[in-house]
Amino acid sequence: MRQAYSPDDVDVMRGALDIWCALHNVGRDGVEANRAAKRILDLMDTKKCSCDELLAQLGDFGPEQRRRGS
């Protein structure tokens with residue numbers, strides 16, 4: 001069940017997303033950032049976390065590797 005987020009929760013999630021994007025060299029408006037944001041929301045639905053806790057829980061979650069044929 002989705003919970004209501006406080007303004008502080010939103011700041012924590014936004015900060016985690018900003019850091020994740022910087023670490024993985026992706027823009028905040030892209031598909032990969034959207035995937036990470038959804039993952040962060042899922043994590044916060046389970047338990048309220050700090051920015052550091054969110055980043056630790058993201059672990060190896062990273063951008064998908066896409067390969068294109070020549």
Side-chain angles (χ1 to χ4, degrees):
M1 177 180 197
R2 297 258 181 217
Q3 63 183 9
Y5 299 112
S6 73
D8 289 339
D9 293 337
V10 174
D11 287 342
V12 167
M13 292 186 286
R14 183 177 293 139
L17 181 60
D18 287 343
I19 293 168
W20 184 90
C21 287
L23 288 171
H24 294 284
N25 198 32
V26 297
R28 282 198 45 206
D29 295 330
V31 172
E32 298 302 339
N34 286 336
R35 285 183 59 245
K38 288 177 186 174
R39 179 74 175 126
I40 288 168
L41 285 168
D42 289 343
L43 292 169
M44 283 292 276
D45 275 347
T46 304
K47 172 187 158 197
K48 287 191 178 190
C49 301
S50 70
C51 184
D52 290 338
E53 289 171 330
L54 285 172
L55 290 169
Q57 289 184 49
L58 285 171
D60 293 335
F61 183 83
E64 291 183 357
Q65 297 294 322
R66 288 193 170 90
R67 295 184 183 169
R68 294 181 182 186
S70 330

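- Looking only at distances, no side-chain donor or acceptor of D45 sits under 3.5 Å from a matching main-chain atom of D42.
- If you take NZ on K48 and CG on D8, they are separated by 8.5 Å, rounding to the nearest 0.5 Å.
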Donor-acceptor pairs under 3.5 angstrom involving side-chain atoms of residues 14-27: please list them, not counting sequence neighbours.
unit_1, atom_1, unit_2, atom_2, d
D18, OD1, R28, NE, 3.1
D18, OD1, R28, NH1, 3.0
W20, NE1, H24, NE2, 3.2
W20, NE1, F61, O, 3.1

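- Considering only residues two or more places apart in sequence or on other chains, D52 meets the salt bridge (Lys or Arg N to Asp or Glu O under 4.0 Å) condition with none of them.
- I40 approaches M13 most closely through the heavy-atom pair CG2-CG, 3.7 Å.
- When all heavy atoms of Q57 and R39 are compared, the closest pair comes out as O-NH2, 4.2 Å.
- Going from atom CG of D9 over to atom SG of C49 covers 9.5 Å, rounded to the nearest 0.5 Å.
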